[in-house]
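Heavy atoms only: backbone and side chains are in, while hydrogens, waters and symmetry mates are out. If you read the sequence from its start, that first residue is 1, and numbering goes on from there.
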Amino acid sequence: IVAYAQRDVYARNGCYEKFTAIGKIPSGASIRFLPAERRFDEFNRECVLVEYLTDNGGAITGWVLTLDVGVEPPPTATSVP
């Protein structure tokens with residue numbers, strides 16, 4: 001399943017704020033959901049495990065809040081240089 005980052009967001013190695021940021025996913029970027037058990041942070045916000053393929057052929061895999069992803073690109077995606 002493919003989704004889009006709704007804002008600039010950091011993928012983390014756990015759910016969520018107390019964990020280390022692995023990499024930044026830009027607003028409007030296409031991301032892929034990965035299979036994993038549901039996880040929640042200390043505020044009971046749900047996280048999902050995602051993979052973002054970077055422009056240079058790398059990948060960022062980590063946890064993001066479900067609030068930060070959507071099935072359509074955000075109306076004001078960050079421009080790509």
Side-chain angles (χ1 to χ4, degrees):
I1 297 176
V2 174
Y4 298 91
Q6 298 299 299
R7 64 183 182 102
D8 289 348
V9 63
Y10 286 94
R12 298 181 179 273
N13 66 352
C15 182
Y16 184 71
E17 292 291 334
K18 294 182 180 181
F19 293 90
T20 304
I22 297 169
K24 186 176 181 180
I25 301 173
S27 177
S30 174
I31 54 178
R32 185 170 62 108
F33 291 112
L34 299 176
E37 292 181 19
R38 295 172 65 182
R39 292 194 184 176
F40 296 87
D41 70 2
E42 67 272 13
F43 300 108
N44 206 31
R45 298 177 298 183
E46 186 175 7
C47 293
V48 289
L49 185 62
V50 299
E51 178 182 61
Y52 164 62
L53 300 177
T54 64
D55 292 335
N56 64 1
I60 296 171
T61 302
W63 294 90
V64 298
L65 295 171
T66 56
L67 300 171
D68 292 331
V69 298
V71 294
E72 295 182 5
T76 55
T78 304
S79 61
V80 177

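When all heavy atoms of Ser30 and Tyr52 are compared, the closest pair comes out as O-CD1, 3.6 Å. Minimum interatomic distance between Gly62 and Ala11 (heavy atoms only, all atoms of both residues): CA-CB, 3.9 Å. Across all their heavy atoms, Pro26 and Ala5 have their closest contact at O-CB, 3.5 Å.
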Test side-chain contact (heavy atoms from CB on, under 4.5 Å) on Glu42 and Lys18 and set out the steps.
CA-CA 9 Å; Glu42 67 272 13; Lys18 294 182 180 181; 4.0 Å; yes
Evaluate the criterion side-chain contact (heavy atoms from CB on, under 4.5 Å) for residue pair Ile22 and Thr61; output intermediate values, then yes/no.
CA-CA 8 Å; Ile22 297 169; Thr61 302; over 6 Å; no
Given the rule in the side-chain contact (heavy atoms from CB on, under 4.5 Å) test, do Phe33 and Val69 qualify, once you have shown the distances and angles that lead to the verdict?
CA-CA 10 Å; Phe33 291 112; Val69 298; 4.0 Å; yes
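Taking 4.5 Å as the limit, some side-chain heavy atom of Val64 sits within range of a side-chain heavy atom of Val48. Put simply, the side chain of Thr20 does not reach to within 4.5 Å of the side chain of Tyr10, judged on heavy atoms.
Residues in residues 20-34 take part in these salt bridge (Lys or Arg N to Asp or Glu O under 4.0 Å) pairs, two or more places apart or across chains: Asp8-Lys24, Arg32-Glu51.
For the pair Glu46 (side chain) and Leu67 (backbone), a donor-acceptor distance under 3.5 Å is absent. The backbone N or O of Phe19 lies less than 3.5 Å from a partner atom in the side chain of Arg12, making a donor-acceptor pair.
Partners of Cys15 under the side chain to side chain contact (heavy atoms under 4.5 Å, CB included) rule, at least two apart in sequence or in another chain, are Arg39, Asp41, Cys47.
The one candidate from Val50, Asp68, Leu53, Val9 that meets the side-chain contact (heavy atoms from CB on, under 4.5 Å) condition with Ile31 is Val50.
Membership of the apolar cluster around Leu49 extends to Leu34, Trp63, as traced through chained side-chain contacts below 4.5 Å between ILVMFWY residues.
Note that the OH atom of Tyr4 and the CD1 atom of Ile25 stand 14.0 Å from one another [nearest 0.5 Å].
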